[in-house]
Amino acid sequence: MMALGGIIGAGLFVGSGAVIHTAGALAPVAYAVGGLILLLVMRMLAEMAAARPSVGSFSDYARLALGNGAGFIIGWTYWYFWVVVVAFEAIAGAKIIGGFLSGIPLWVISAAVMGVMSALNLLSVRGFGEAEFWFAAVKVVAIVVFLAIALAGLFGVLPGQRVHELAIGVGALTPAGAAGVLSAITVVVFSYFGAEIVTVAAAEATDPVAAVTRAAGTVVWRVVIFYVGSISLIVLLVPYGAIKAGESPFVTLLDRLGIPGAALAMQAVVLTAVLSVLNAGIYTASRMLFALTARGEAPRVLARTTTRGTPIGAILLSTVAGWVAVAVAYLAPEAVFAFLLNAAGSVALVIYAAIVVSQLRLRRHIEQEGGAMPVKMWGHPYLSWFTLVLLVAIAVGMLILPDAREQLGLGLIAPVGIALIYLVRRLFGLRTAPRSAPQQATVTSVEG
């Protein structure tokens with residue numbers, strides 16, 4: 001269920017409005033390209049995770065393939081990303097809840113939301129998994145119901161409705177041409193980002209190989225049905241000029257079809273998606289931090305675990321960092337939102353590129369050692385190189401386009417800053433643990 005609902009979040013329900021606003025009727029193409037990248041990257045991750053299960057996941061794979069510096073940069077960059085996302089989602093969730101509880105300050109609601117999600121993660125990994133299961137169930141049901149209503153509207157079988165006129169005409173398919181589609185792809189990559197969490201969680205499963213194989217195997221139809229399918233129906237039935245960035249195109253379509261209470265129902269779904277991302281963000285940030293302690297790249301005190309194997313130190317620090325970010329977001333919410341939106345897509349490109357390069361080198365390393373490969377990347381090494389070329393092409397396109405150039409620059413702030421910290425550590429003789437093959441997680445496995 002984590003794999004099933006992992007990529008269904010506010011990025012789909014709300015963020016897709018910005019994609020359609022930019023890419024127009026070609027928005028499904030942007031989602032299809034982003035989905036292809038996700039599919040190939042997840043397969044590469046599945047190959048490495050099945051051969052070397054590790055809570056550090058791609059941070060450990062980057063370390064083994066490219067050296068300690070790469071592992072340090074990727075690990076801390078990913079932790080930074082999720083801490084900022086946790087703060088952002090806490091504020092977003094508080095705004096939705098505040099609409100029903102007028103008079104309560106936003107920071108109080110944010111604090112309550114953060115507290116509940118932190119408690120779930122501190123309880124045990126089982127508490128995190130149980131919550132994520134139900135969050136995913138709500139999101140999947142919401143998408144299925146939406147697809148059924150949209151299809152009924154497309155064929156005019158809703159009560160009292162005639163056959164709906166298609167919104168796509170013979171004019172321009174996109175308001176900004178190819179540049180608009182390219183710019184939209186970076187937002188799409190951010191929307192998909194988070195699916196890789198299952199390779200982190202798989203290391204704590206009873207059977208890591210089976211868990212990660214099933215998770216990666218569902219990517220294709222999730223992307224095709226949930227993302228490309230729903231966005232295609234929206235652009236078929238709603239003129240893209242009527243969809244505005246920051247507004248949910250799902251609500252726009254349901255209102256257009258005359259579905260009562262669409263806005264209220266979608267608010268509940270978006271809140272579920274926000275809480276799901278917040279829950280997963282705390283989990284992922286803490287596990288990545290826990291893995292960094294094993295390499296001497298984070299304070300040893302963070303390696304402390306409870307009797308249930310929950311890394312309490314890593315969870316608390318990730319939560320504290322989230323609290324600080326919440327305070328900043330409360331003081332300047334618009335600035336934080338703009339920064340996250342602009343920087344996140346580029347961070348995802350950096351992480352994905354590191355995964356591809358790691359897979360190319362680690363696959364050769366494992367084969368030379370005669371190690372087992374329970375899951376293999378398709379068309380290796382050609383599809384791996386194709387994925388890397390695609391990622392580089394997107395980055396070059398962002399560098400050329402004035403609007404996207406800012407996104408690329410902001411996304412590189414964290415990796416470059418963390419790289420400088422690593423160099424300072426080396427300068428003062430602070431070494432990481434010797435590089436070795438990643439091992440399975442030492443935190444307690446999920447029971448049942």
Side-chain angles (χ1 to χ4, degrees), residues 37 40-49 51-83 189 193 196-197 199-200 203 284-285 287-298 302 314 343-369 371 377 380-381 384-385 387-392 394-395 408 411-441:
I37 294 173
L40 296 174
V41 168
M42 283 296 292
R43 184 67 183 188
M44 285 181 254
L45 264 179
E47 176 185 281
M48 294 185 290
R52 298 284 192 274
S54 170
V55 167
S57 189
F58 40 86
S59 171
D60 279 340
Y61 307 143
R63 187 186 317 281
L64 181 62
L66 305 172
N68 288 328
F72 183 92
I73 295 168
I74 295 302
W76 278 107
T77 297
Y78 197 63
W79 179 83
Y80 151 84
F81 171 85
W82 280 109
V83 166
V189 170
F193 206 53
E196 73 288 341
I197 292 174
T199 63
V200 177
T284 309
R287 266 42 177 197
M288 188 59 70
L289 193 55
F290 179 80
L292 288 168
T293 63
R295 297 293 179 180
E297 296 170 342
L302 300 178
S346 300
V347 170
L349 289 178
V350 171
I351 298 294
Y352 281 170
I355 291 172
V356 175
V357 176
S358 298
Q359 185 269 335
L360 284 166
R361 299 200 64 178
L362 190 56
R363 169 72 173 265
R364 183 173 59 184
H365 175 74
I366 293 174
E367 289 180 338
Q368 287 176 347
E369 289 186 338
M377 172 62 184
H380 177 81
S384 299
W385 280 109
T387 307
L388 186 60
V389 169
L390 197 56
L391 292 170
V392 171
I394 294 173
L408 185 63
L412 293 177
I413 289 177
V416 171
I418 293 169
L420 292 176
I421 293 174
Y422 178 77
L423 292 176
V424 171
R425 282 172 50 89
R426 291 292 299 270
L427 183 64
F428 286 93
L430 298 175
R431 306 278 179 169
T432 59
R435 182 169 41 152
S436 62
Q439 301 298 319
Q440 189 168 343

Ala419 to Ile73 - nearest heavy-atom pair and separation: CB-CD1, 3.7 Å
Can you confirm whether Phe72 sits close enough to Ile421 that some side-chain heavy atom of one is under 4.5 Å from a side-chain heavy atom of the other? yes
So which atom in Ala70 and which in Ala62 form the shortest heavy-atom distance, rounded to 0.1 Å? CB-O, 3.8 Å
Got a second to check how far Leu349's CG is from Leu390's CG, nearest 0.5 Å? 9.5 Å
Nearest heavy atoms of Val350 and Pro415, plus distance in Å: CG1-CG, 4.3 Å
What's the spacing between Ile418 CD1 and Thr77 OG1 if we round to 0.5 Å? 3.5 Å
Residues forming a side chain to side chain contact (heavy atoms under 4.5 Å, CB included) with Glu369, sequence neighbours excluded: Arg52, His365
If the condition is side-chain hydrogen bond (donor to acceptor under 3.5 Å, both in side chains), which residues does Ser384 pass it with, not counting sequence neighbours? Gln359
Correct closest heavy-atom pair for Leu360 and Pro381 would be CD2-CB, 3.9 Å
Specify whether Tyr78 and Phe58 have parallel, tilted or perpendicular ring planes, treating 30° as the upper limit for parallel and 60° as the lower limit for perpendicular. perpendicular
Residues forming a side chain to side chain contact (heavy atoms under 4.5 Å, CB included) with Ala353, sequence neighbours excluded: Leu388, Leu391
Over all heavy atoms of both residues, which pair between Ser59 and Gly75 is shortest? Give the atoms and the distance, please. OG-CA, 3.5 Å
Just jot down the side chain to side chain contact (heavy atoms under 4.5 Å, CB included) partners of Ala395, sequence neighbours excluded, or say none. none
For Ile37 and Ile394, what are the C-alpha separation, side-chain angles and deciding distance, and is it a side-chain contact (heavy atoms from CB on, under 4.5 Å)? CA-CA 11 Å; Ile37 294 173; Ile394 294 173; 3.5 Å; yes
Test your reading of the model: is there a side-chain donor-acceptor pair from Trp76 to the backbone of Glu297, 3.5 Å cut-off? yes
Sequence neighbours excluded, which residues qualify as side chain to side chain contact (heavy atoms under 4.5 Å, CB included) partners of Ala285? Trp79, Trp82, Val83, Ser318
Tell me the closest heavy-atom pair linking Val189 and Ala348, and the distance in Å. CG1-CB, 3.5 Å
Test log, rule salt bridge (charged side-chain N to carboxylate O under 4.0 Å, His left out), inputs Arg363 and Glu367: CA-CA 6 Å; Arg363 169 72 173 265; Glu367 289 180 338; 2.7 Å; yes
Among Leu64, Ile355, Asp60, whose side-chain contact (heavy atoms from CB on, under 4.5 Å) with Met48 holds? Ile355
Minimum side-chain heavy-atom gap Met377-Leu40 below 4.5 Å: yes
Given the rule in the side-chain contact (heavy atoms from CB on, under 4.5 Å) test, do Tyr352 and Thr387 qualify, once you have shown the distances and angles that lead to the verdict? CA-CA 9 Å; Tyr352 281 170; Thr387 307; over 6 Å; no
